[in-house]
Amino acid sequence: MAQDKEATKDCIFSALIALMEQKEYKYITVTDIARKSGVSRMTYYRAYSSKEDILVQHFRKIAKQMVTRAEGDVSQALAGFYTYFQKYDNLTAIFAQSDLMHLVVESFSEFTDFLYDGLHPDSAKTAETGYATCYETGGLFSILTGWLAGGAKESPAEMSDITLRIMKK
């Protein structure tokens, strides 16, 4: 049953992305998404409360998978991050064009917390470390967009190394 629910959510996400490639996000309705994904509006509302919720849930799931797969290895997590966005580079452009990158960034908070904790294992949780995580999150996504805009010439592993060097400074 849980697999069916995840498959439905994946279909709804894919439908939203396909629609965003055709028209502006603000003009996409729940009915459009439901119709495109082949689900009823009721099924849609069982899974999501809004269009934004589709994006947030999807990217939180992706970020959690990256952390889980990394098994504590920050470098591996970053390589997974760059691999994902290289594979789906069109998403970054679509979200930037629709002024939705903030949702993607916010969805990766668990991921960036993992990175910060991995780089600063002895750091106590304070207001300063919270702000430092915010700072590193902004930097990470700036590096990502710069890398993609430049044609993603470096490999995900190289980008992981570059990012780690920058974050350790």
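Residue L144 is not grouped with residue Y116 when hydrophobic side chains (ILVMFWY) are merged at heavy-atom distances under 4.5 angstrom, including chains of intermediate members. Under a hydrophobic-cluster definition in which Ile, Leu, Val, Met, Phe, Trp and Tyr are linked whenever side-chain heavy atoms come within less than 4.5 Å, directly or via other members, M167 and Y135 are assigned to different clusters.
Open room surrounds CD on Q97; 12 or fewer heavy atoms of other groups in view lie less than 6.0 Å from it. Heavy-atom contacts from other residues, nucleotides or ligands closer than 6.0 Å to CD of E128 number 12 or fewer. The local environment of NZ in K87 is sparse, with at most 12 non-hydrogen atoms from other residues, nucleotides or ligands closer than 6.0 Å.
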Test L164 against L115 for side chain to side chain contact (heavy atoms under 4.5 Å, CB included), laying out the working first.
-> CA-CA 9 Å; L164 285 173; L115 294 178; 5.9 Å; no
Quick one: do L55 and V104 satisfy side chain to side chain contact (heavy atoms under 4.5 Å, CB included)? Show the steps, please.
-> CA-CA 7 Å; L55 304 175; V104 180; 6.0 Å; no
Are M159 and I143 close enough, and set up right, to give a side chain to side chain contact (heavy atoms under 4.5 Å, CB included), and what steps lead you there?
-> CA-CA 9 Å; M159 288 308 299; I143 292 169; 3.5 Å; yes
Verdict with reasoning, L140 to L78, per side chain to side chain contact (heavy atoms under 4.5 Å, CB included) = CA-CA 10 Å; L140 177 63; L78 277 168; 3.7 Å; yes
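Using a cut-off of 4.0 Å between Lys/Arg side-chain N and Asp/Glu carboxylate O, D10 and K61 are scored as salt-bridged. A salt bridge between D53 and R60 is absent, with no side-chain N of the basic residue lying under 4.0 Å from a carboxylate O of the acidic one.
Remark: the backbone N or O of A77 is not paired with any side-chain donor or acceptor of Y82 at under 3.5 angstrom. In this structure a side-chain-to-backbone donor-acceptor pair under 3.5 Å is missing from S98 to F95. When atom types are taken as modelled, the side chain of K51 and the backbone of I28 share a donor-acceptor pair closer than 3.5 angstrom. Formation of a donor-acceptor pair under 3.5 Å by the Q57 side chain with backbone atoms of K9 is not found in this model.
Atoms CG and CD1, on L16 and I54 in that order, are 5.0 Å from each other to the nearest 0.5 Å. Here the CD1-OH distance, from I62 to Y88, works out to 7.5 Å after rounding to the nearest 0.5 Å. Here L148 contributes atom CG and T92 contributes atom OG1; the two are 5.0 Å apart, rounded to the nearest 0.5 Å. One finds the CG atom of D4 at 11.5 Å from the OG1 atom of T43 (value rounded to the nearest 0.5 Å). For the atom pair NE2 (H120) and OG1 (T129), the distance works out to 9.5 Å, reported to the nearest 0.5 Å. Atom-to-atom distance recorded for K5:NZ and R46:CZ is 9.5 Å, nearest 0.5 angstrom.
The aromatic rings of F85 and F141 sit perpendicular, their planes meeting at an angle over 60°, well past the 30° parallel limit. Note: H58 and Y84 have tilted aromatic rings, judged against thresholds of 30 and 60 degrees for the angle between ring planes. Below 30°, between 30° and 60°, or above 60°: for F111 and F108 the angle between ring planes is above 60°, a perpendicular geometry.
Donor-acceptor pairing under 3.5 Å is recorded for the side chains of E52 and Y25. In summary, the side chains of S75 and S160 do present a donor paired with an acceptor at a separation below 3.5 Å, with no hydrogens or angles considered.
W147 and S155 make their closest contact through CZ2-C, 4.5 Å (heavy atoms, listed as atom of the first residue, atom of the second, distance). Here the closest heavy-atom approach between residue G118 and residue V74 is recorded as CA-CG2, 3.6 Å. When all heavy atoms of P156 and A79 are compared, the pair lying nearest together is CB-O, 3.6 Å. Between M20 and I94 the shortest heavy-atom distance is CE-CG2, 3.3 Å.
Taking the ring centroids of F81 and F114, they lie at or beyond the 6.0 Å cut-off.
By the 4.5 Å heavy-atom criterion applied to side chains, D117 and K125 are counted as neighbours.
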